[in-house]
> 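Can you read through this structure? Questions will come right after.
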Amino acid sequence: YLWLSGDLQETSMDVPDPFGSGKMVGLDVVRANSSFKPVFEGGPRGIKIQAEIHVDLEASQFEMGSDLRQPGIVDALEESARAVVTREIFATLERVQNELKTDIYGFGFEVYKSNPDLWATMEEIWNDEVFPYVEVELDVKTRVRAPGAIWGLKEQGLLPRK
């Protein structure tokens with residue numbers, strides 16, 4: 001819930017080692033925010049929500065033999081984190097849309113703000129007949145900052161600046 005609502009303050013997460021060792025890499029979420037907007041494509045069943053999630057992470061636990069200066073390691077960690085966040089968001093969406101049928105994110109309020117006339121036609125049926133069919137398009141952006149921030153690797157020119 002917290003990824004999409006924008007209420008996440010800080011947490012830790014484990015992602016698979018991108019080089020296939022079978023071990024997990026611990027990442028701390030330093031900052032996360034989200035925004036979303038409705039897109040109307042004709043009638044109540046044509047509502048999409050475009051959601052953008054930004055997550056800044058720091059590497060906190062990893063195999064001591066791992067060399068975080070390896071080319072591509074930061075990009076691979078970001079991709080692993082993006083996959084975990086996306087999976088968690090869609091798992092929660094599946095439950096609230098199909099099982100609970102409760103708009104805990106406030107998508108309906110965004111529809112109301114963007115198109116009050118359309119909202120007036122669907123307000124009474126929103127949770128049961130519209131919300132379960134709302135498609136959510138995610139754009140999850142992750143940034144792993146810790147290797148350069150903690151050990152000065154970026155400053156030494158050992159990691160690319162983004």
Side-chain angles (χ1 to χ4, degrees), residues 1-62 73-147 149-150 162:
Y1 164 77
L2 296 174
W3 292 118
L4 197 52
S5 70
D7 293 333
L8 185 67
Q9 297 299 319
E10 59 184 62
T11 190
S12 296
M13 62 190 295
D14 291 328
V15 299
D17 173 4
F19 292 105
S21 72
K23 299 188 188 297
M24 301 298 278
V25 176
L27 299 173
D28 290 335
V29 176
V30 176
R31 182 178 18 263
N33 59 50
S34 65
S35 62
F36 50 85
K37 69 177 184 174
V39 176
F40 306 102
E41 295 180 348
R45 296 276 173 118
I47 296 174
K48 286 185 184 179
I49 299 294
Q50 292 178 335
E52 193 170 285
I53 317 300
H54 293 266
V55 184
D56 288 335
L57 304 135
E58 291 182 349
S60 59
Q61 295 180 338
F62 53 93
I73 186 73
V74 172
D75 291 338
L77 285 173
E78 289 173 347
E79 182 57 38
S80 291
R82 191 171 16 265
V84 169
V85 170
T86 300
R87 186 174 54 247
E88 289 180 1
I89 289 171
F90 278 126
T92 303
L93 272 171
E94 171 71 23
R95 183 149 192 243
V96 298
Q97 283 185 296
N98 298 317
E99 187 178 327
L100 303 174
K101 294 185 180 182
T102 303
D103 182 6
I104 62 175
Y105 298 108
F107 293 160
F109 183 67
E110 294 299 321
V111 170
Y112 164 74
K113 288 190 322 186
S114 296
N115 193 334
D117 293 333
L118 179 61
W119 175 252
T121 67
M122 67 176 71
E123 181 177 9
E124 295 297 319
I125 60 169
W126 176 257
N127 282 326
D128 292 324
E129 298 178 32
V130 180
F131 176 65
Y133 302 100
V134 170
E135 179 184 343
V136 178
E137 294 178 350
L138 284 182
D139 182 12
V140 178
K141 298 176 192 242
T142 55
R143 183 173 60 170
V144 174
R145 300 181 303 125
I150 292 176
K162 287 188 176 180

> Look up atom CD1 in Ile104 and atom OG1 in Thr92, then write down how far apart they are to the nearest 0.5 Å.
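Going from CD1 on Ile104 over to OG1 on Thr92, the span is 7.0 Å.
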> Among Val144, Leu57, Asp17, which residue meets the side-chain contact (heavy atoms from CB on, under 4.5 Å) test with Leu77?
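Answer to the side-chain contact (heavy atoms from CB on, under 4.5 Å) test with Leu77 among Val144, Leu57, Asp17: Val144.
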> Set out, in order, the CA-CA distance, both residues' side-chain angles and the distance that settles side chain to side chain contact (heavy atoms under 4.5 Å, CB included) for Val39 and Glu137, then state yes or no.
CA-CA 10 Å; Val39 176; Glu137 294 178 350; over 6 Å; no
> Rounded to the nearest 0.5 Å, how far apart are OG of Ser60 and CG of Asp14?
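That separation rounds to 7.5 Å.
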> Looking only at non-hydrogen atoms, find the nearest pair between Ala81 and Met13 and report the distance.
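Where Ala81 meets Met13 most closely, the heavy atoms are O-CE, 3.9 Å.
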> Does the side chain of Pro38 reach to within under 4.5 Å of the side chain of Lys48, using non-hydrogen atoms?
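When only atoms from C-beta onward are counted, Lys48 and Pro38 do not touch, as no gap falls below 4.5 Å.
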> Count the heavy atoms of every other residue, nucleotide or ligand shown that sit under 6.0 Å from CZ of Phe90, and state whether that count exceeds 12.
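Check passes, neighbour count above 12.
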> For Ile53, is there any backbone N or O sitting under 3.5 Å from a side-chain donor or acceptor partner on Ser34?
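The answer is no, because no donor-acceptor pair under 3.5 Å joins these two groups.
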> Applying the side-chain contact (heavy atoms from CB on, under 4.5 Å) test to Val55, which of Val84, Val30, Thr142, Leu27 qualifies?
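Testing each of Val84, Val30, Thr142, Leu27 against Val55, the sole residue satisfying side-chain contact (heavy atoms from CB on, under 4.5 Å) is Thr142.
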> About how many Å separate CG of Asp28 and CD of Gln61, when rounded to the nearest 0.5 Å?
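Reported to 0.5 Å precision, the distance equals 8.0 Å.
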> Using 0.5 Å steps for rounding, measure from the CG atom of Leu118 to the CZ atom of Phe40.
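Those atoms lie 6.0 Å apart.
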> What are the two closest heavy atoms between Trp119 and Tyr112, and how far apart are they?
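Minimum heavy-atom contact is CD1-CD1, 3.5 Å.
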> Measure the spacing between CZ of Arg87 and CH2 of Trp3 and express it to the nearest 0.5 Å.
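Separation between the atoms: 11.5 Å.
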> Testing the basics here: between Gln97 and Lys101, what is the closest heavy-atom pair and its distance to 0.1 Å?
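Reported closest heavy-atom pair: O-CG, 3.4 Å.
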> Does Phe109, at its CZ atom, have more than 12 non-hydrogen atoms belonging to other residues, nucleotides or ligands within less than 6.0 Å?
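No, because the 6.0 Å sphere around CZ of Phe109 holds 12 heavy atoms or fewer from other groups.
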> List the atom of Thr102, the atom of Phe131, and the distance in Å for their closest heavy-atom pair.
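Distance-wise, the nearest heavy atoms are O-CE2, 3.4 Å.
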> Which atom pair, heavy atoms only, marks the closest approach of Asp103 to Gly106?
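What the structure gives for the nearest pair is OD1-N, 3.1 Å.
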> With sequence neighbours excluded, what pairs up with Lys141 under the side-chain contact (heavy atoms from CB on, under 4.5 Å) test?
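Only Glu52, His54, Asp139 meet the side-chain contact (heavy atoms from CB on, under 4.5 Å) criterion with Lys141.
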> For Trp126 and Val134, which heavy atoms make the closest approach, and how far apart are they?
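In this case the closest contact between Trp126 and Val134 is CH2-CG2, 3.9 Å.
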> How long is the gap from NZ on Lys113 to NZ on Lys37, to the nearest 0.5 Å?
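Output value for this atom pair is 13.0 Å.
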> For Val136, enumerate each residue passing the side-chain contact (heavy atoms from CB on, under 4.5 Å) test, keeping only those at least two apart in sequence or located in another chain.
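If we apply the side-chain contact (heavy atoms from CB on, under 4.5 Å) test to Val136, skipping adjacent residues, the hits are Ile49, Ala51, Leu93, Phe107, Leu138.
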